[in-house]
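Single-structure report; data block below.
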Amino acid sequence: MSRYISLVVLVLCVASSYAMKVVDIDTICKHEEVNTSLCITLLKSKQGADLLILAQYTIDVLYTEVNNTVTLINTLIHQYYKDLEAKSHYIKCVNLFGEPNGAAGDIKRIESTMKDGDYGGMNEKVLSILIDYDSCINGEYPTDTPYPDKSLLPKYAKVVHDVAFILFVISDYLIGNV
Ligand SMILES: *[C@@H]1O[C@H](CO)[C@@H](O)[C@H](O)[C@H]1NC(C)=O
Ligand SMILES: *[C@@H]1O[C@H](CO)[C@@H](O)[C@H](O)[C@H]1NC(C)=O
């Protein structure tokens, strides 16, 4: 009997290509482009957890932040319906943060690539969120003049950016690049 059990254990180990990986929270949070204080506040309760647990937790937080941002932008679109320049800025941003092509859609693709073990694909989708942030706040092209936004959007969007950047670093560790 016992030799069959060890055979099953062996098969299970071979079938799962992902070996548990723990990276110190401080190492992730001290990355030069990471918002260290936000990162430590976010991840400290998960110290010692497997990278995939950290990633899933960060994805959940990112989802909430993106959702809050989309809700805010929808409010702004209604509030500024008479100001065409503002309105077109917020409509552009809602597409960049919402579904299906913006950040909210990317989060779903991040989750599915992660579940498939495609960490390179996951990394690319996280990068698209960072690019979406930049296109909304700074403009799509380096020659664009950023919209002088006095609303809360730049602040909300910055949190999305900062959380996404933490996920970007985590996905680098999952790939094994660092
Ligand atoms: C880090 O994030 C916090 C919370 O969102 C924010 O108040 C702070 O300005 C951020 N720091 C930097 C350097 O961006
Ligand atoms: C996103 O936010 C809205 C408004 O707060 C809420 O009704 C909705 O349930 C949220 N969506 C998810 C999937 O959490």
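Computation of the quantities below employed the complete heavy-atom set of this structure, encompassing side-chain atoms and omitting hydrogens, waters and symmetry-equivalent molecules.
A 4.5 Å side-chain heavy-atom check between Met114 and Gln56 finds at least one atom pair inside the cut-off.
Between the side chains of Asp118 and Thr113, no donor N or O sits under 3.5 Å from an acceptor N or O. In summary, the side chains of Asp149 and Tyr90 do present a donor paired with an acceptor at a separation below 3.5 Å, with no hydrogens or angles considered. For the residue pair Asn101/Asn95, the side-chain donor-acceptor check at 3.5 Å is not satisfied.
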CA sep, side-chain torsions, deciding dist, call: Asp106, Arg109, side chain to side chain contact (heavy atoms under 4.5 Å, CB included): CA-CA 5 Å; Asp106 284 326; Arg109 293 182 279 275; 3.2 Å; yes
For a side chain to side chain contact (heavy atoms under 4.5 Å, CB included) check, start with the C-alpha distance between Asn138 and Asp144, then their side-chain angles and the critical distance, and finish with the verdict. CA-CA 7 Å; Asn138 300 316; Asp144 286 357; over 6 Å; no
Report the C-alpha separation of Asn68 and Tyr63 in whole Å, then their side-chain angles, then the decisive distance to 0.1 Å, and conclude whether the side chain to side chain contact (heavy atoms under 4.5 Å, CB included) test is met. CA-CA 9 Å; Asn68 290 342; Tyr63 189 78; over 6 Å; no
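Under the 4.5 Å side-chain contact rule for hydrophobic residues, Ile53 and Val163 do not share a cluster. The hydrophobic clustering, which links ILVMFWY residues whose side-chain heavy atoms are closer than 4.5 Å, places Tyr81 and Tyr147 apart.
The line from CD of Gln79 to OG of Ser151 is 8.5 Å long, rounded to the nearest 0.5 Å. Taking CG of Leu62 as the reference point, atom CD1 of Ile129 lies at 5.0 Å (rounded to 0.5 Å). Rounding to the nearest 0.5 Å gives a distance of 7.5 Å between CD of Glu33 and NE2 of His161. Atom-to-atom distance recorded for Ile107:CD1 and Asp60:CG is 9.5 Å, nearest 0.5 angstrom. Leu54 CG to Ser171 OG: the interatomic distance, rounded to the nearest 0.5 Å, is 12.5 Å. Atoms CG and NZ, on Leu127 and Lys125 in that order, are 10.0 Å from each other to the nearest 0.5 Å.
For Lys158, the side-chain hydrogen bond (donor to acceptor under 3.5 Å, both in side chains) partners two or more places apart in sequence, or in a different chain, are Asp162. Remark: Glu124 pairs with no residue by the side-chain contact (heavy atoms from CB on, under 4.5 Å) rule, at least two apart or across chains.
Of all non-hydrogen atoms in Gly48 and Val22, the two that sit nearest each other are O-CG2, 3.6 Å. Taking both residues in full, the closest heavy atoms of Gly176 and Lys21 are given as CA-NZ, 3.9 Å, listed atom of the first, atom of the second, then distance. Contact between Cys136 and Leu96 at its shortest, heavy atoms only, is N-CD1, 3.5 Å. The two atoms that bring Ile28 and Ile166 nearest to each other are CG2-CG2, 4.5 Å, heavy atoms only. Taking each heavy atom of Ile110 and Val126 in turn, the nearest pair found is CD1-CG2, 3.7 Å.
In summary, of the residues considered (Leu130, Asp172, Ile59), a side chain to side chain contact (heavy atoms under 4.5 Å, CB included) with Leu167 occurs for Ile59 alone.
For Lys92, the NZ atom counts as densely surrounded, since its 6.0 Å shell holds more than 12 non-hydrogen atoms of other residues, nucleotides or ligands.
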If you look only at distance, which donor and acceptor atoms sit under 3.5 Å apart when one is on a side chain in residues 38-47 and the other is two or more places apart or in another chain?
unit_1, atom_1, unit_2, atom_2, d
Thr41, OG1, Ser37, O, 2.7
Gln47, OE1, Ile25, N, 3.2

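Side chain of Thr36 to backbone of Lys30: no donor-acceptor contact under 3.5 angstrom is found. With Asp24 contributing its side chain and Asp26 its backbone, the two residues share a donor-acceptor pair below 3.5 Å.
Centroid-to-centroid, the aromatic rings of Phe165 and His31 come within less than 6.0 Å.
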